[in-house]
There are 2 protein chains.
Amino acid sequence: MSKTKELSLKEQIIEAARQVLLSEGYRNFSLRKIAREIDVSATSIYLHFENKDDLIHTLMEQAIERLNDQLQQVAAEADGPIAKLEAVAYEYIRFALKNQREYQIIHLTSSDEMTRYPKEKFRKARKGYEIISSVLQEGVNADLIAEDKPRMAAYTFWAQLHGVMSVVLSKRLDTRIDQQEFIDEAIEHIIDGYKVRTALQTNNK
Amino acid sequence: MSKTKELSLKEQIIEAARQVLLSEGYRNFSLRKIAREIDVSATSIYLHFENKDDLIHTLMEQAIERLNDQLQQVAAEADGPIAKLEAVAYEYIRFALKNQREYQIIHLTSSDEMTRYPKEKFRKARKGYEIISSVLQEGVNADLIAEDKPRMAAYTFWAQLHGVMSVVLSKRLDTRIDQQEFIDEAIEHIIDGYKVRTALQTNNK
DNA sequence: TACATAAGTTAACACTGTTAACCTGTACGC
DNA sequence: GCGTACAGGTTAACAGTGTTAACTTATGTA
């Protein structure tokens, strides 16, 4: 009977976890703090999650899903392959800037800082690549993109985007470099790297 | 008198810290473990470093320095701007692959996972950008690179490289995607994004 | 009524970074 | 030679962490 009326404890934990993450950051993200937030003992979390990493993976999964949904949407709305690529790139950046801490945990899987992201969950993450991959294929069909391996290219494209975002978030940019300008320039360079190399499509003048 | 004969405690700490990092990973990197390694009390570390982050920053600084030295060397050895860019990119990847855990702490500064990298130390890190920046400028002068803001471009270039490396290290690549091929493709796309857009330089027949 | 099971609890373990208080030898002024 | 300042170390303690084991308590079923 407590199915729809109130959140299950598992859902409460996830919600509290996200809130703690957003307000305190990953560094101060602790199970006891989450438990305190919803007035429950810390060990109760273990009834619903294998361990801390498992809980974080769940947050990650949700964030990835939201990101992918956004990307799919802007890709569908934009007109033409190049515009779609641009839209996806900018949406990726927008999402990461708006959800910095969630974006960061997405990329925490790397390194030995955490247990590796489980394979089953990895499938969902792959959706983002498929979106980019099909946009690239569209571009190839329209003779705008030069690429014989769209799946591979989707991965490299994604990696480049992440790199840009990573530098922005690390706040390591030279003070003489404007953030927005950096983003604009980077995206332009990235996309240029996939365009066919003839003067035909370059609409600069 | 103990100046040259033996390592100072500070140096011993740094050395032990690196060893712990390399063998245990950042996740199991603890001050007490380092202290145990050199038979000293954990609190002694505080006599030589402000705190854990400060010690890590020191490791980071050294790693960055080594990386920059390598980049400078290969840039000097390569012939022509495009070849230099390629050499730098591949050396960056090679270094990161060979020194994964050290590379990872370099990019831990980001996020709130750690105190921000102090400004004074940031200056040294900037050297890497200068190397790329000057190679790019060389390319512009030779009409091979289209870029009016070499410093900005150095940052975008660097960011993309890091993104590629980050994806490789996260082991998140689709199993159908070969790592080396991914790296090759990515570097090609990155560099293509900076080349002038005429058929002149494309030496693909 | 008895019992199994689900969902929670408390207590404890082995860690962690960090601080405060204490010790101990060496250098130096008198 | 004596007192003192101080650099460089120590131990003890605090407040926090993830995680496990053992215990409780309610609920549904045979």
Side-chain angles (χ1 to χ4, degrees), chain A residues 1-21 23-60 105 108-109 111-118, chain B residues 1-21 23-60 105 108-109 111-118:
Chain A
M1 54 183 66
S2 69
K3 224 176 187 175
T4 49
K5 187 166 181 181
E6 287 171 0
L7 291 165
S8 73
L9 179 53
K10 179 161 188 174
E11 289 166 324
Q12 282 185 65
I13 292 171
I14 294 175
E15 198 176 272
R18 176 143 74 235
Q19 208 172 331
V20 169
L21 176 70
S23 62
E24 311 254 4
Y26 177 69
R27 200 178 214 209
N28 300 107
F29 178 92
S30 92
L31 296 184
R32 289 176 146 97
K33 215 171 268 178
I34 294 164
R36 223 176 294 136
E37 204 79 11
I38 52 180
D39 256 321
V40 91
S41 82
T43 52
S44 297
I45 296 175
Y46 285 85
L47 298 172
H48 302 280
F49 299 92
E50 243 183 64
N51 49 35
K52 190 185 182 183
D53 281 357
D54 186 26
L55 173 54
I56 290 180
H57 283 147
T58 305
L59 292 184
M60 225 160 83
I105 61 160
L108 226 57
T109 352
S111 80
D112 44 16
E113 172 57 19
M114 258 186 54
T115 334
R116 197 116 93 260
Y117 198 51
Chain B
M1 55 183 68
S2 68
K3 223 178 188 176
T4 49
K5 187 165 180 182
E6 287 171 2
L7 292 165
S8 72
L9 180 52
K10 179 162 189 172
E11 288 167 323
Q12 280 185 67
I13 292 171
I14 293 175
E15 198 175 273
R18 173 140 77 236
Q19 207 172 332
V20 169
L21 176 70
S23 61
E24 311 253 5
Y26 177 68
R27 200 179 211 207
N28 302 106
F29 179 92
S30 91
L31 297 184
R32 288 177 147 96
K33 214 171 269 178
I34 294 165
R36 222 176 295 136
E37 205 80 10
I38 52 178
D39 258 320
V40 90
S41 82
T43 53
S44 296
I45 296 176
Y46 286 84
L47 298 172
H48 301 279
F49 299 92
E50 240 182 64
N51 50 32
K52 191 185 180 183
D53 282 357
D54 186 26
L55 172 54
I56 291 179
H57 283 148
T58 306
L59 291 184
M60 225 160 82
I105 60 160
L108 228 56
T109 353
S111 79
D112 42 16
E113 172 58 20
M114 258 184 57
T115 335
R116 197 115 93 259
Y117 199 51

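All chains are named by letter (A, B, ...) in the order of the sequence lines, taking the proteins before the strands, and each is independently numbered beginning at 1.
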Notebook entry, point to check: Got B:Ile34 and B:Leu55 here, is their nearest side-chain heavy-atom distance under 4.5 Å?
Noted result: yes

Notebook entry, point to check: So do the side chains of B:Leu47 and B:Leu9 get within less than 4.5 Å of each other, counting heavy atoms only?
Noted result: no

Check: Base, sugar-phosphate, or nothing: which does B:Leu47 touch, judged by heavy atoms less than 4.0 Å apart?
Finding: base

Check: Could you give the CD1-to-P distance, from A:Ile13 to D:dG18, as a whole number of Å?
Finding: 13 Å

Checklist line | Check: A:Arg32 side chain, D:dG16 base, donor-acceptor under 3.5 Å | finding: no

Check: Under 4.0 angstrom, heavy atoms only, what part of the nucleic acid is B:Phe49 near: base, sugar-phosphate, or nothing?
Finding: nothing

Margin query: Using whole Å, what does the distance between atom P of nucleotide D:dT19 and atom CG of B:Asn28 come to?
Written below: 12 Å

Notebook entry, point to check: Of all of residues 33-46 of chain A, which get a heavy atom below 4.0 angstrom from DNA chain C, listed by number?
Noted result: A:Val40, A:Ser41, A:Thr43, A:Ser44

Checklist line | Whole-Å distance separating the CG atom of A:Leu31 from the P atom of D:dT20 | finding: 11 Å

Next item on the list: May I ask you to decide if B:Gln19's main-chain N or O and B:Ser23's side chain share a donor-acceptor pair within less than 3.5 Å?
Entry: yes

Check: Starting at NZ of B:Lys52 and ending at P of C:dC15, how long is that distance when rounded to a whole Å?
Finding: 15 Å

Next item on the list: Figure out the CZ/P separation between B:Arg27 and C:dT16, and round it to whole Å.
Entry: 14 Å

Note to self: If I take atom CG in residue B:Leu55 and atom P in nucleotide C:dT16, what distance separates them, rounded to the nearest angstrom?
What the structure shows: 14 Å

Note to self: Could you measure the distance from the CG atom of A:Leu108 to the CG atom of A:Leu59? Nearest 0.5 Å is fine.
What the structure shows: 11.5 Å

Next item on the list: For C:dA7, take OP1 and OP2 only and decide whether either is under 4.0 Å from a side-chain N or O of A:His48.
Entry: no

Next item on the list: Can you tell me which residue pairs pass the salt bridge (charged side-chain N to carboxylate O under 4.0 Å, His left out) test with a partner in residues 31-47 of chain B, sequence neighbours excluded?
Entry: B:Glu24-B:Lys33

Check: Within 45° of the ring axis of B:Phe49 and under 6.0 Å from its six-membered ring centre, is that where the NZ or CZ of B:Lys10 lies?
Finding: yes

Notebook entry, point to check: Side chain of B:Glu11, backbone of B:Ser8: donor and acceptor closer than 3.5 Å?
Noted result: yes

Next item on the list: Can you tell me the distance, in whole Å, between the CG atom of A:Asn51 and the P atom of D:dT20?
Entry: 8 Å

